[in-house]
J.: 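Submitted below is the structure of interest, expressed as structure tokens.
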Number of protein chains: 2
Amino acid sequence: MSGRISAQAKTVLEVLASKRCHLTAEEILASLENIGTATVYRALDHLTEMGLIRRLSVGKRSAVYEYIRDQHMHLVCSRCGTVVDVQADMTGMIREAAKCCGHRVDFAEVNAHGLCKACCEAEAAQ
Amino acid sequence: MSGRISAQAKTVLEVLASKRCHLTAEEILASLENIGTATVYRALDHLTEMGLIRRLSVGKRSAVYEYIRDQHMHLVCSRCGTVVDVQADMTGMIREAAKCCGHRVDFAEVNAHGLCKACCEAEAAQ
DNA sequence: TGACAAATGAGAATGATTATCATACAATAT
DNA sequence: ATATTGTATGATAATCATTCTCATTTGTCA
């Protein structure tokens, strides 16, 4: 299990790497053939542990996964639920803030909740 | 429903306000008597919508709720799973970063993943 | 007080995720 | 190349948190 990436895990990774967006386990499952539910979840866990992908728990819906290509924050629209990436790396700052408590920060997840551009405009138009 | 807080919702809020920590719906349910499961979930939703409490989706376990008394970030230990609060308000910075995309940021959730102090020391001792 | 809307709670239902386990595959040793 | 041993797979059952349903209760306000 550990360092190796099985053929199935590789296809899961390729879907995430090529689609350049946030996908649920179910969406990945639907886009592939001849792969079992459990295998997809196992691959996602494995790839997450290896630091190749990231799991986002946003709101109440099922978790979404993204391929890690850079450090960015997420804008979660509380109206339509979409998640948009914004380039911004706050890890250094966050790491500094955590230092006082003796924590080691490996990765910082920043989810900004509010309204996306479209919903902002829709609300203003009312 | 909207502005009013029912007696049951009030007791849920009081648990969160007094315990000063992160609680799951189940924990809140267990600490109260004569209150149904659905009612606890409904109260948590209602209080979240009113902006009195906050739902945190950390990792794979069930969501946790916290009473909002200030803006802070969360340190999630990837070894023992505990969530610790650290005083740090990054909302201004995050709002600024989101401005370029036309987003409105109401609240920023910052989850720093790494090792808590205890687990850091445990790892160093090995 | 009466009428109507909203909230409650018991339990069923849902939906996402995980566990089980027999089979298939891969790597290594013989 | 073949046996051996361990690991991955996938079909399905199971689990767990959360939501839905609906009959009953409670609250509101005319």
Side-chain angles (χ1 to χ4, degrees), chain A residues 1-16 19 21-50 52-66 76 78 81-83 109 111 113, chain B residues 1-16 19 21-50 52-66 76 78 81-83 109 111 113:
Chain A
M1 57 174 113
S2 46
R4 280 242 164 291
I5 295 183
S6 72
Q8 281 83 348
K10 200 175 169 195
T11 62
V12 168
L13 185 59
E14 277 163 3
V15 169
L16 282 168
K19 288 281 178 63
C21 62
H22 311 98
L23 297 173
T24 63
E26 200 187 4
E27 286 165 345
I28 293 169
L29 189 56
S31 75
L32 294 173
E33 284 171 9
N34 304 321
I35 190 167
T37 311
T39 304
V40 168
Y41 279 101
R42 273 187 296 238
L44 290 169
D45 275 357
H46 187 193
L47 295 168
T48 302
E49 272 172 29
M50 292 180 74
L52 296 173
I53 65 172
R54 190 176 287 151
R55 182 201 340 273
L56 303 178
S57 304
V58 167
K60 295 191 176 191
R61 61 205 81 204
S62 45
V64 294
Y65 295 83
E66 66 178 2
V76 185
S78 42
T82 52
V83 180
E109 180 186 356
N111 298 326
H113 296 262
Chain B
M1 58 174 111
S2 46
R4 281 242 162 290
I5 295 183
S6 72
Q8 281 85 346
K10 201 176 169 194
T11 62
V12 168
L13 184 59
E14 279 164 2
V15 169
L16 282 168
K19 288 278 177 66
C21 60
H22 312 97
L23 296 173
T24 63
E26 200 188 4
E27 285 166 344
I28 293 167
L29 188 57
S31 75
L32 294 174
E33 284 171 9
N34 304 322
I35 190 167
T37 311
T39 304
V40 168
Y41 279 99
R42 275 187 294 239
L44 289 170
D45 276 357
H46 187 194
L47 294 168
T48 301
E49 271 172 30
M50 293 181 75
L52 296 172
I53 65 173
R54 188 175 290 151
R55 184 200 338 273
L56 303 178
S57 304
V58 168
K60 295 191 176 189
R61 61 205 82 205
S62 41
V64 294
Y65 295 83
E66 66 178 2
V76 186
S78 43
T82 52
V83 180
E109 179 188 355
N111 299 326
H113 296 262

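Sequence lines set the chain letters: A, B, ... in the order given, protein chains first and strands last, and positions in each chain run from 1. Because the structure is predicted, anything quoted here is derived from the model rather than measured.
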J.: For B:Glu33 and C:dA10, what is the distance between atoms CD and P respectively, to the nearest whole Å?
T.: 12 Å
J.: In whole angstroms, how far is the C1' atom of D:dT18 from the CZ atom of B:Arg61?
T.: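 Spelled out: CZ on B:Arg61 to C1' on D:dT18 is 17 Å.
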J.: Return yes when atom CD of B:Glu26 has more than 12 non-hydrogen atoms of other residues, nucleotides or ligands closer than 6.0 Å, and no otherwise.
T.: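 No, CD of B:Glu26 has 12 or fewer neighbouring heavy atoms, counting only those of other groups under 6.0 Å.
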J.: Would you work out how much the helix from C:dT1-D:dA30 to C:dT30-D:dA1 bends between its ends, with each end axis defined by five base pairs, to 10 degrees?
T.: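 The end axes of the helix from C:dT1-D:dA30 to C:dT30-D:dA1 are about 30° apart, to the nearest 10°.
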J.: For the backbone of B:Thr24 and the side chain of B:Glu27, can you confirm whether one donor and one acceptor N or O come within less than 3.5 Å of each other?
T.: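 Side chain of B:Glu27 to backbone of B:Thr24: a pair is present.
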J.: Heavy atoms, side chains only, cut-off 4.5 Å: are A:Leu44 and A:Leu16 in contact?
T.: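 Yes. Closest side-chain heavy atoms under 4.5 Å.
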J.: Please state how far atom CD1 in B:Ile28 lies from atom P in D:dA17, giving the value in whole angstrom units.
T.: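 In whole Å, D:dA17 P and B:Ile28 CD1 are 14 Å from each other.
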J.: Is there a residue in residues 35-45 of chain A whose heavy atoms reach under 4.0 Å of DNA chain D, and which residues are they?
T.: A:Ile35, A:Gly36, A:Ala38, A:Thr39, A:Arg42
J.: Can you confirm whether B:His22 sits close enough to B:Thr82 that some side-chain heavy atom of one is under 4.5 Å from a side-chain heavy atom of the other?
T.: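 Of all side-chain heavy-atom pairs linking B:Thr82 with B:His22, none is under 4.5 Å.
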J.: Taking the side chain as C-beta and beyond, is there a heavy-atom pair between B:Leu23 and B:Val15 under 4.5 Å?
T.: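 Yes - at least one pair of side-chain heavy atoms lies under 4.5 Å apart.
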J.: For B:Lys60 and C:dT18, is the shortest distance between a side-chain N/O and OP1 or OP2 below 4.0 Å?
T.: yes
J.: Over all strands shown, is B:Ala63 touching base, sugar-phosphate only, or nothing at heavy-atom distances under 4.0 angstrom?
T.: sugar-phosphate
J.: Start with the C-alpha gap between A:Lys19 and A:Ser31, add the side-chain angles, then the distance that decides, and say whether side chain to side chain contact (heavy atoms under 4.5 Å, CB included) holds.
T.: CA-CA 11 Å; A:Lys19 288 281 178 63; A:Ser31 75; 4.2 Å; yes
J.: Taking only N and O in the side chain of A:Ser6, is any of them less than 4.0 Å away from OP1 or OP2 of D:dT9?
T.: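 For D:dT9, OP1 or OP2 has a side-chain N or O of A:Ser6 closer than 4.0 Å.
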J.: If every non-hydrogen atom of A:Tyr65 is compared with every non-hydrogen atom of A:Thr48, which pair is closest and at what distance?
T.: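 Answer, listing the atom of A:Tyr65 first, then A:Thr48: CE2-OG1, 4.0 Å.
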J.: Using whole Å, what does the distance between atom C1' of nucleotide D:dA8 and atom CG of A:Asn34 come to?
T.: 16 Å
J.: Expressed in angstrom and rounded to an integer, what is the separation of B:Ile5 atom CD1 from C:dA7 atom P?
T.: 12 Å
J.: Take the protein atom CD of A:Glu27 and the nucleotide atom P of C:dA16, then report the distance between them rounded to whole Å.
T.: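 Result: 11 Å.
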J.: Does some side-chain heavy atom of B:Glu109 sit less than 4.5 Å from a side-chain heavy atom of B:Leu56?
T.: yes
J.: Does A:Gln8 make a side-chain N or O approach to OP1 or OP2 of C:dC25 shorter than 4.0 Å?
T.: no
J.: OP1 or OP2 of D:dT28 sitting under 4.0 Å from any side-chain N/O of B:Arg4?
T.: yes
J.: Let me know the distance between CG of A:Leu29 and C1' of D:dG10, rounded to the nearest Å.
T.: 11 Å
J.: Find the distance A:His46:NE2 to D:dT7:P and express it as a whole number of Å.
T.: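 In whole Å, D:dT7 P and A:His46 NE2 are 13 Å from each other.
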J.: If we only count heavy atoms from C-beta on, is the A:Ile53 to A:Val12 side-chain gap below 4.5 Å?
T.: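 No, their side chains stay 4.5 Å or more apart.
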